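To start, the structure itself, in structure tokens.
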Amino acid sequence: MKKPNFQAWLQQKVSDEPEVILAGKLEYLRLYLTDAMREIRNKAGLTQAQLAQKLGVKQAAVSKLESALKEHELESVLHYLHALGADLLVAVKLGDELYQASDNEGVLLVDVPDVVTHKALAANMSVREYVRIAVEKFSNEDDGLRTALVKLLGSDDSVAVKVRERLGSRTIQEVAVELEKCLSLSEEEDRIFAVKNVLAANVACGESDRGSSDEVDEIELLDLAEELLEKLTYVLE
């Protein structure tokens with residue numbers, strides 16, 4: 001069964017009557033849920049009778065749960081899914097706020113803006129698939145940047161040597177994480193002062209405290225920060 005676009009369906013004006021709107025939502029959710037349940041059972045290679053045996057119920061009970069025409073108790077659906085090693089993710093949406101009620105912290109439900117939905121449709125993908133691929137791409141780029149930072153800081157480059165002299169008890173990996181945050185700042189001047197703060201280890205990278213320090217040579221730190229940023233720009237091109 002080809003699932004319709006849920007967001008597009010919700011935006012359609014079905015009726016002005018609250019009861020009709022609610023009935024439409026319930027019908028759609030039953031269709032979507034029961035279709036997913038049957039698909040999961042089939043992927044598990046189980047018949048209705050075999051699943052019924054695992055659940056300790058009659059086949060008719062499983063058939064009823066997989067029917068979009070029947071009412072479903074939440075406990076029964078959870079029992080069905082649990083027997084197949086699946087979870088039910090539940091969220092409550094009010095305006096722009098989304099509250100996840102299910103306890104699966106490994107998978108979060110998120111509300112994406114319409115522009116993401118449009119891009120997914122243009123790419124002939126589901127919103128879930130589009131977002132998953134985007135996250136994987138971002139994660140790979142993120143790992144690549146951090147790897148490059150660690151490699152540079154551990155090299156024999158003169159700037160890297162100066163930086164390591166200021167690490168103290170911090171590891172190269174820890175400093176690389178902070179520098180990665182600095183590179184995300186849009187203004188060059190902010191990046192310089194953020195890197196300086198990382199080198200001084202006195203404030204968090206995201207802050208832009210430009211006051212003098214009693215314990216370090218401010219000018220020397222700023223010069224080193226500029227040198228490091230120039231080196232990073234060259235390495236990451």
Side-chain angles (χ1 to χ4, degrees), residues 87 89 91 96-117 119-120 123 125 127-237:
D87 292 314
L89 299 184
D96 294 331
E97 297 294 330
L98 195 70
Y99 305 89
Q100 181 159 327
S102 48
D103 63 356
N104 189 332
E105 296 182 355
V107 181
L108 299 179
L109 293 171
V110 295
D111 187 27
V112 297
D114 289 339
V115 64
V116 176
T117 301
K119 287 185 176 182
M125 297 180 183
V127 175
R128 180 181 178 83
E129 182 182 12
Y130 184 86
V131 172
R132 179 182 59 78
I133 291 175
V135 170
E136 287 179 353
K137 181 180 178 182
F138 175 82
S139 298
N140 290 336
E141 291 177 352
D142 183 62
D143 290 343
L145 173 59
R146 192 170 303 173
T147 299
L149 289 171
V150 171
K151 184 176 180 181
L152 172 62
L153 295 177
S155 70
D156 294 330
D157 181 88
S158 59
V159 175
V161 172
K162 292 179 184 178
V163 171
R164 289 201 300 274
E165 290 175 353
R166 296 187 176 274
L167 291 184
S169 61
R170 295 173 296 168
T171 66
I172 289 178
Q173 287 75 13
E174 290 171 338
V175 173
V177 171
E178 289 301 313
L179 290 176
E180 190 176 21
K181 297 175 185 176
C182 298
L183 292 174
S184 67
L185 299 175
S186 57
E187 298 294 331
E188 181 179 1
E189 190 174 4
D190 289 337
R191 290 197 294 272
I192 292 174
F193 278 91
V195 172
K196 184 270 295 182
N197 288 333
V198 171
L199 297 175
N202 55 358
V203 295
C205 169
E207 300 177 15
S208 55
D209 178 11
R210 301 181 184 184
S212 60
S213 171
D214 295 332
E215 299 180 358
V216 296
D217 185 339
E218 192 81 0
I219 297 177
E220 181 181 339
L221 274 176
L222 284 172
D223 288 342
L224 180 57
E226 288 192 58
E227 290 179 23
L228 180 57
L229 274 177
E230 289 179 6
K231 188 72 63 174
L232 292 175
T233 300
Y234 175 77
V235 170
L236 300 174
E237 282 182 348

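No hydrogens, no waters, no symmetry mates; every other heavy atom, side chains included, goes into these values. Along the sequence shown, residues carry numbers from 1. What you are looking at is a predicted structure, and each value in this text was computed from that prediction instead of being measured.
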* To do: Search all heavy atoms of L89 against all heavy atoms of S102 and return the closest pair with its distance.
  => CA-OG, 3.4 Å
* Asked: Rounded to the nearest 0.5 Å, how far apart are NZ of K196 and CG of L199?
  -> 9.5 Å
* Asked: How many angstroms lie between CG in N197 and CG in L222, if you round to the nearest 0.5 Å?
  -> 9.0 Å
* **Distance, nearest 0.5 Å, that separates SG of C182 from CG of D190** => 10.5 Å
* To do: Please report the closest heavy-atom contact between A194 and L185, naming both atoms and the distance.
  => CB-CD1, 3.6 Å
* Asked: What is the minimum heavy-atom distance between R170 and R166, and which atoms define it?
  -> NH2-O, 3.0 Å
* Residue E174 excluded, over 12 heavy atoms near CD under 6.0 Å -> yes
* Asked: What are the two closest heavy atoms between T171 and L167, and how far apart are they?
  -> C-CD1, 4.5 Å
* Measuring from K162:NZ to E227:CD, what's the distance to the nearest 0.5 Å? -> 4.5 Å
* Asked: Roughly how far, to the nearest 0.5 Å, is CG of L149 from CD of E180?
  -> 6.5 Å
* **Inter-residue atom distance L221.CG - L228.CG, 0.5 Å rounding** => 11.5 Å
* **Non-hydrogen atoms of V161 and D156 that approach each other most closely** => CG2-O, 3.9 Å
* Main-chain N/O of S155 paired with R164 side-chain donor or acceptor, under 3.5 Å -> yes
* Determine, step by step, whether V177 and K181 satisfy the side chain to side chain contact (heavy atoms under 4.5 Å, CB included) criterion, reporting the C-alpha distance in whole Å, the side-chain angles of both residues, the deciding distance to 0.1 Å, and the verdict. => CA-CA 7 Å; V177 171; K181 297 175 185 176; 4.2 Å; yes
* Is the closest side-chain heavy-atom distance between L229 and L183 below 4.5 Å? -> yes
